[in-house]
Amino acid sequence: MILDEKHKEFRKKVKEFADKEVAPRAKELDMNSEFPWDLIKRMAELELLALYVPKEYGGAGLDVFSYAIAVEEIGRVCGSTGIFLAAHSSLGVYPVYHSGTEEQKQKYLIPMARGEKIGSFGLTEPNAGSDAAGTQTTAKLIGDKYIVNGTKRFITSGGVADIIVFTATKDPSLGYAGISAFIVEKGTPGFSPGKEEDKLGLRGSMTSELVFEDCALPKDNLLGKEGEGFKVFMGTLDGGRISIGALALGIAQGALDASVKFVKENKKSSGRLMKKMQSIQSRIAEMATEVEAARLLIYQAAMLKDNDLPFTKESAMAKYYASIIGTKACDMAITIHGMLGLTNEYPVERFLRDEKLMEIGEGTSEIQKIVIARQILGK
Ligand code: COS
């Protein structure tokens with residue numbers, strides 16, 4: 001796809017960072033389940049952590065398109081670093097930027113955008129995943145404080161985050177209308193990270209429980225209006241899906257690049273040069289076409305958002321398509337590599353493990369299809 005000069009230059013800058021600094025760390029981050037503190041510091045220095053946030057709030061003052069490019073380029077070499085960037089920017093930074101008061105922006109957005117504080121987003125619960133309106137965590141206004149009780153699960157960066165935006169309801173029987181969004185800071189009495197998940201992929205990213213036990217939050221920690229938390233979160237997920245699509249795309253591109261490199265190294269199979277084999281050509285052609293189609297969907301969703309046009313359907317399509325073709329591309333990459341593809345001598349087994357999470361996180365493929373169908377058919 002043709003990019004304008006501004007985005008071309010930007011891609012070059014991020015690609016250089018990804019190749020020189022992120023790629024050499026990717027294997028060990030995965031193998032040691034190591035959180036990429038050093039790379040986060042570098043991303044902060046390069047102003048990558050809040051690309052579409054205006055400079056006055058600590059961001060880079062660019063656009064969502066640039067953000068999608070950044071996640072794609074970093075995801076191409078390291079899914080774990082890519083998911084950190086996506087979760088921090090889309091799920092930590094965005095809701096405060098979009099729905100926060102000026103005071104909240106000064107207090108929470110600026111340090112997150114500058115990378116001084118890590119952001120996270122608490123929606124999913126042990127009994128409320130796809131059914132986001134089924135939130136059981138409660139926030140009851142007693143005097144001038146909200147008293148929060150409940151547990152969140154599978155929260156990206158939850159265990160390391162300084163600032164967490166989360167949902168809670170005043171009464172679970174009210175459904176989505178009872179849900180509000182709040183901000184909690186690490187160290188607040190009654191709030192603590194719970195167990196860390198031991199995951200298939202994205203092993204360099206942390207996925208944690210968050211536990212609230214009579215956690216008292218001042219009224220100032222309400223984000224947006226009372227009872228509008230579900231909408232704040234749905235709007236946040238619309239944008240988040242662009243970045244998960246971009247991450248899925250980046251990983252798929254990584255799998256394609258690795259396959260092309262492998263085939264071009266004049267490798268032979270059954271005595272024949274691999275690049276001359278029709279079965280290999282067919283796989284490479286299929287992967288390349290689908291990766292390009294995913295890219296167009298993602299860039300389209302980003303451009304719609306940048307132009308303040310509706311993009312709910314397009315971001316769901318982008319995430320749905322990119323994650324499905326991404327898993328397929330990684331699977332094909334392993335097939336192309338043969339037995340070597342199953343070893344950690346090559347990155348493709350890591351790509352497949354990381355990519356599988358893209359089909360599930362930030363809304364499963366089934367949820368994306370519901371969102372797309374409702375946009376087309378009405379509810
Ligand atoms: N942006 C803003 N508002 C939205 C919205 C969006 N994208 N989607 C829905 N809403 C609003 C609706 O307009 C409705 O408000 P009104 O009654 O005032 O019109 C309200 O929210 C409830 O919407 P709806 O009735 O569609 O809610 P459902 O419970 O049926 O939600 C889905 C259905 C599947 C869309 C929702 O539960 C969902 O997205 N679940 C997946 C959650 C997820 O992705 N989790 C991943 C982990 S978080 S990282």
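The model shown is predicted, which means the values in this text are computed figures rather than measured ones. Atoms within each ligand, like the ligands themselves, are counted from 1 in listed order.
- Taking a distance limit of 4.0 Å, we find that atom 32 (C) of ligand 1 is approached by no protein heavy atom.
- Proximity to D238 (heavy-atom distance under 4.0 Å) selects the following atoms of ligand 1: 1 (N), 6 (C), 7 (N).
- Contacts of F154 with ligand 1, taken as heavy-atom pairs under 4.0 Å, are absent altogether.
- Among the atoms of D131, none of the N or O lies under 3.5 angstrom from an N or O of ligand 1.
- Classified by interplanar angle (parallel below 30°, tilted 30° to 60°, perpendicular above 60°), the ring pair H98/Y94 is parallel.
- The nearest protein atom to atom 49 (S) of ligand 1, hydrogens excluded, is given as E362 CG, 3.4 Å; this is a heavy-atom distance.
- Using a 4.0 Å cut-off between heavy atoms, L237 contacts ligand 1 through its side chain alone, with no backbone atom that close.
- Among protein heavy atoms, the minimum distance from atom 41 (C) of ligand 1 is reached at S130 O, 3.3 Å.
- The pair E72-R76 fails the salt-bridge criterion, with no side-chain N (NZ, NE, NH1 or NH2) lying under 4.0 Å from an Asp/Glu carboxylate O.
- Contacts between K369 and ligand 1 below 4.0 angstrom, taking non-hydrogen atoms only, are absent altogether.
- Between R25 and E34 there is a salt bridge, with a side-chain nitrogen of the basic residue lying less than 4.0 Å from a carboxylate oxygen of the acidic one.
- The distance from ligand 1 to the heavy atoms of A133 drops below 4.0 Å at these ligand atoms: 29 (O).
- When the heavy atoms of E228, R241, Q368, Q375 are ranked by distance to atom 44 (O) of ligand 1, first place goes to R241.
- Between the N307 side chain and the L309 main chain, no donor and acceptor come within less than 3.5 Å of each other.
- Atom 9 (C) of ligand 1 has M234 CG, 4.1 Å as its closest protein atom, hydrogens excluded (heavy atom only).
- Nearest to atom 45 (N) of ligand 1 by heavy-atom distance, out of G361, G175, G129, A132, is G129.
- Protein heavy atom at the shortest distance from atom 46 (C) of ligand 1 is G363 N, 3.2 Å.
- When hydrogens are left out, the protein atom nearest atom 26 (O) of ligand 1 is R374 NH1, 2.9 Å; that is the closest non-hydrogen contact.
- Comment: E362 does not engage K319 in a salt bridge, judged by the lack of any side-chain N to carboxylate O separation of less than 4.0 angstrom.
- When only non-hydrogen protein atoms are considered, atom 47 (C) of ligand 1 lies nearest to T124 OG1, 3.3 Å.
- Below 30°, between 30° and 60°, or above 60°: for H337 and Y346 the angle between ring planes is above 60°, a perpendicular geometry.
- Aromatic ring pairs are classed by plane angle as parallel below 30°, tilted from 30° to 60° and perpendicular above 60°; the pair F182 and Y146 is perpendicular.
- The CG atom of L202 sits 8.5 Å away from the SG atom of C78 when rounded to the nearest 0.5 Å.
- Protein heavy atom at the shortest distance from atom 2 (C) of ligand 1 is K231 O, 4.0 Å.
- In this structure, F121 has its ring center closer than 6.0 angstrom to the ring center of F233.
- Each of the following atoms of ligand 1 lies closer than 4.0 Å to a heavy atom of L123: 48 (S).
- Atom OG1 of T236 is separated from atom OH of Y97 by 13.0 Å, given to the nearest 0.5 angstrom.
- Using the six-membered ring where Trp is involved, F35 and F84 have ring planes that are perpendicular, over 60° apart on the 30 and 60° scheme.
- Within a 4.0 Å radius of atom 13 (O) of ligand 1, the protein has no heavy atom.
- A salt bridge links K152 with E125: the distance from a Lys NZ or Arg NE/NH1/NH2 to an Asp or Glu carboxylate oxygen falls below 4.0 Å.
- From the protein, the heavy atom lying nearest to atom 20 (C) of ligand 1 is Y176 CE1, 3.4 Å.
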